[in-house]
Amino acid sequence: MTRYNARVSEPKWQKAWDEAQVFQAKPDDSRPKYYVLEMFPYPSGKLHIGHVRNYAMGDIIARYKRAQGFNVFHPMGWDAFGMPAENAAMANNALPGVWTHKNIAEMKEQFAALGLSLDWSHEFATCDPEYYGHQQALFLDFLDAGLAYRKSASVNWDPVDMTVLANEQVVDGKGWRSGAVVERKELTQWFFKISDYSDELLDALDGLKNWPDKVRLMQANWIGKSQGLQFSFETKNAPKGFEALEVYTTRPDTLFGASFAGISADHPLAKALESDPKIAAFNAECRRTGTSAEALETAEKLGYDTGITVVHPFDPAKTLPVYIANFILMGYGTGAVFGCPAHDQRDLDFARKYGLEVRAVVSPDGADFSVQNEAFTDDGTLINSDFLNGLSIDAAKIEVIKRIDAANMGAGKTVFRLRDWGISRQRYWGCPIPVVHCDACGIVPENKENLPIILPEDVSFDKPGNPLDRHPTWRNCACPKCGTDARRETDTMDTFVDSSWYYARFPSSDADTPTNLADADYWMNVDQYIGGVEHAILHLLYSRFFARAMIKTGHLPDKCSEPFNALFNQGMVCHETYSTLDDKGRPVWHSPDEIVVDGDGYKLRETGEAITIGPSIKMSKSKRNVVDPLEQIEQYGADTARWFTLSDSPPERDIEWTTSGAEAAWKHLQRVWRMAVETDDSAAEGSSDAALTLEKTTHRAIADVTAGIEGFAFNKAIAKLYEFTNALQKSKAGKAEKQAAMRVMTQLMHPITPHLAEEIWALMGAKGMVTTAPWPDFDPAMLVDDSITMPIQINGKRRSEITIPKDLPKSEVEKLALADNAVIKALAGNAPKKLIVVPGRIINVVI
RNA sequence: GCGGGCGUGAUGGAAUGGUAGACAUAAGAGACUUAAAAUCUCUGGGCCCUAGGCCGUGUGGGUUCGAGUCCCACCGCCCGCACCA
């Protein structure tokens with residue numbers, strides 16, 4: 001019996017595609033273009049099984065669209081800057097650049113084994129000076145356009161990675177990569193003015209119809225738009241310069257319920273009072289409080305009465321005490337608020353602790369109302385509020401803003417949660433920020449003709465901190481303005497900058513400017529973008545900002561403000577975990593290849609020790625539940641891995657890698673191969689009924705698989721291919737008909753298992769390569785049968801079925817239904833109460 | 001706390017408001033084989049003795065001729081954000 005030998009066939013076809021250059025795309029106005037892109041990988045040096053699934057998805061789309069006649073652009077590159085290279089440098093005494101390029105070379109080979117239809121002629125790595133030099137040019141243009149600026153700010157400092165992190169990179173109070181508790185630090189940093197686009201980035205989310213709702217919602221929440229009132233209280237007993245205290249609120253309607261004013265420990269007023277050692281100590285304590293989930297759960301509301309008071313804007317007789325409070329954030333609004341305990345839970349907790357007045361000013365029904373331990377935050381009617389009494393919340397807000405505005409005390413204001421993007425990183429392995437510090441001229445942008453500012457290679461990692469800082473000569477340069485001795489900026493850019501515009505570089509990867517407008521005009525935008533949901537905010541929000549900034553600076557055409565037309569988030573590949581316990585009762589994790597199934601359970605191969613099987617979770621080095629894709633490819637071939645990772649679950653969901661599942665996929669591919677070989681031996685003449693049935697099945701399969709791929713339901717497409725295989729195997733049609741069906745099968749399988757498809761295509765003597773063959777069409781007329789079987793329900797429960805001609809009039813269907821034995825029996829001579837016929841679907845007899 | 005999602009056989013999962021469990025995996029039985037592998041056939045939600053029937057999509061209600069699907073409440077799990085005034 002012949003077997004399909006993936007180990008021989010796969011490299012053979014990869015070479016054939018390569019030599020025919022079938023995946024290289026050039027602008028061509030005669031065909032519609034289609035730009036499909038998967039988030040480019042970090043070159044860790046080792047392909048992960050998750051990569052296989054991710055890139056297989058993109059490849060299905062690319063191959064399918066190519067067969068549909070689209071001019072498909074499917075490029076690949078490397079997100080090559082970042083911490084791991086520096087960590088490796090410290091551990092192995094290897095240079096980050098050398099380490100990274102070695103990884104890229106290894107990984108590219110592993111990618112080749114997957115048979116992806118990639119156009120490698122546009123490849124680049126973000127650590128190439130040819131790439132990051134253009135990024136430096138973009139930076140200078142952003143600087144010129146006011147989109148980049150430098151300021152001193154309190155930043156998130158990761159004490160392990162010894163670098164600054166963006167807000168988006170702090171997760172649960174910890175660094176997103178190192179996991180270290182983040183500290184606050186005052187540093188002068190470079191920022192991108194993403195806040196210029198807060199409104200636009202929010203509003204444009206509505207237009208992203210082909211993005212997951214979840215991602216759009218997450219971005220909307222992150223941008224966090226609030227509408228409210230910003231106004232000033234007049235202060236009493238405050239230090240000089242603080243005659244007014246500006247606060248922000250989204251509930252101006254509750255102003256008459258105010259019983260205190262609160263300021264952040266980082267508020268200028270709080271700092272001005274630090275000459276009092278008690279206040280200094282209190283402020284220090286506030287700053288120390290963590291922001292992790294647990295810390296927030298348990299943190300008590302703490303305040304310090306400054307002795308200062310403010311005057312109520314609508315009631316000069318009323319004054320409110322000013323507290324420094326630990327729950328007020330300097331980074332939002334003005335860092336100062338008025339507290340209305342009745343209608344804000346935090347203020348209520350605070351008021352109860354410090355014995356402040358709790359005065360309800362909104363009542364659910366307009367009647368007198370009081371609040372105990374739970375703040376009332378629902379809709380209602382204003383009470384106890386002078387001129388606001390009887391108004392709705394919305395009307396009261398408008399009225400208060402109007403009066404504050406008229407009194408020149410403040411105005412309505414929209415505030416966003418989104419802050420500007422701090423991009424300075426105190427790291428070596430990143431894109432140098434192209435500015436110069438000159439004693440005479442200050443901060444001077446580097447001249448564009450001096451770009452790229454190239455990273456030095458002779459660096460050492462024997463000490464913590466940024467090697468660029470202690471490099472003997474690299475910092476030294478001439479001031480671009482006055483020519484005197486000056487020093488380079490040693491901070492490099494956040495690696496998220498690198499990935500914020502790579503998609504725009506691919507179409508013109510050789511251009512001597514960051515982009516080429518003609519190429520961008522042809523290829524942009526990305527029609528289908530695929531990647532993990534972990535980038536829902538960081539990468540995707542930054543990219544949306546970058547596209548706008550690049551339009552403003554003339555690097556992209558106007559149509560590119562939303563660079564990703566459609567987004568798909570794929571799930572992860574998981575595996576169950578295996579553990580034993582050490583002598584102290586701590587778990588010891590074992591990798592799947594150390595495990596054997598032995599009669600009644602899983603055992604450790606070496607010692608026979610029984611294994612505890614844990615839940616299937618994301619593959620990770622620490623839990624050792626990792627499956628090496630290269631071993632799988634070595635054993636079964638890339639097609640099997642591609643087929644299996646897409647077969648069982650919807651692509652957006654996590655899947656569990658199981659050995660039995662992978663073997664089953666491999667068996668199935670062997671079965672298809674065998675069938676292709678055997679159709680040659682079929683009887684030359686089959687039954688004509690069988691031939692017609694097979695033809696209809698074929699058209700049905702084309703329709704279903706096409707719909708599956710179009711709808712990103714690869715698992716369903718694969719289920720339909722199984723059905724088609726089963727039907728073809730059982731078919732009694734003749735040789736020619738079976739071969740025709742087999743050819744269609746090959747075309748339908750080709751996006752998923754391209755190598756096997758090519759091998760069968762060649763075996764059957766078909767012309768050219770299946771990779772370049774057009775997608776098969778189906779005839780809608782072939783999808784309908786002449787007779788259909790309709791279930792009959794009695795009172796909604798299925799009781800019988802009848803087979804009737806397709807276009808039988810409704811009245812005839814009713815007659816036949818009433819003549820059905822089960823119906824006659826159930827009716828027992830009575831007329832039905834109701835008879836529902838849904839044409840082509842179902843009949844329901846109501847008794 | 002706020003926001004979002006999801007609960008279907010032993011398992012992964014199908015199912016425009018219209019025959020629940022497609023397709024696959026595990027498992028069981030059988031065929032072929034000296035034997036194993038490979039391959040093929042059958043069984044494959046639960047219950048009742050069968051024809052056949054009853055029950056069944058987290059729980060309880062509701063809308064409907066008809067609900068896994070829509071609505072309400074509850075329970076459980078997952079994800080995101082989190083003292084944002």
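Just so we're clear, the structure is a prediction, and the values are computed from it rather than from any experiment. Every chain is numbered from 1, with letters handed out A, B, ... down the list of sequences.
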Gap in Å between the two [atom1] atoms, one belonging to [N] and one to [M], rounded:
N: B:rG9; M: B:rU43; atom1: C1'; answer: 14 Å
N: B:rA15; M: B:rA67; atom1: C1'; answer: 13 Å
N: B:rU69; M: B:rU19; atom1: C1'; answer: 16 Å
N: B:rG66; M: B:rG18; atom1: C1'; answer: 7 Å

Please confirm whether the shortest side-chain N or O distance from [X] to OP1 or OP2 of [N] is below 4.0 Å.
X: A:Arg671; N: B:rU39; result: no
X: A:Lys720; N: B:rA14; result: no
X: A:Asn726; N: B:rA24; result: yes

Aromatic centroids of A:Tyr304 and A:Tyr323 separated by under 6.0 Å: no
Is the NZ or CZ atom of A:Lys225 both under 6.0 Å from the centre of the six-membered ring of A:Phe416 and within 45° of that ring's axis?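 A:Lys225 over A:Phe416 ring: no.
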Counting distance alone, no hydrogens or angles: does the base of B:rU19 have a donor or acceptor under 3.5 Å from a partner atom on the side chain of A:Arg799? no
So for A:Lys301 and B:rC83, does any side-chain atom that can act as donor or acceptor lie under 3.5 Å from a complementary atom in the base? yes
If each of A:Glu801 and A:Leu329 is mapped to the nucleotide of RNA chain B with the nearest heavy atom, which maps nearer the 5' terminus, i.e. the 5' end?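 By nearest-heavy-atom nucleotide position, the 5'-most residue is A:Glu801.
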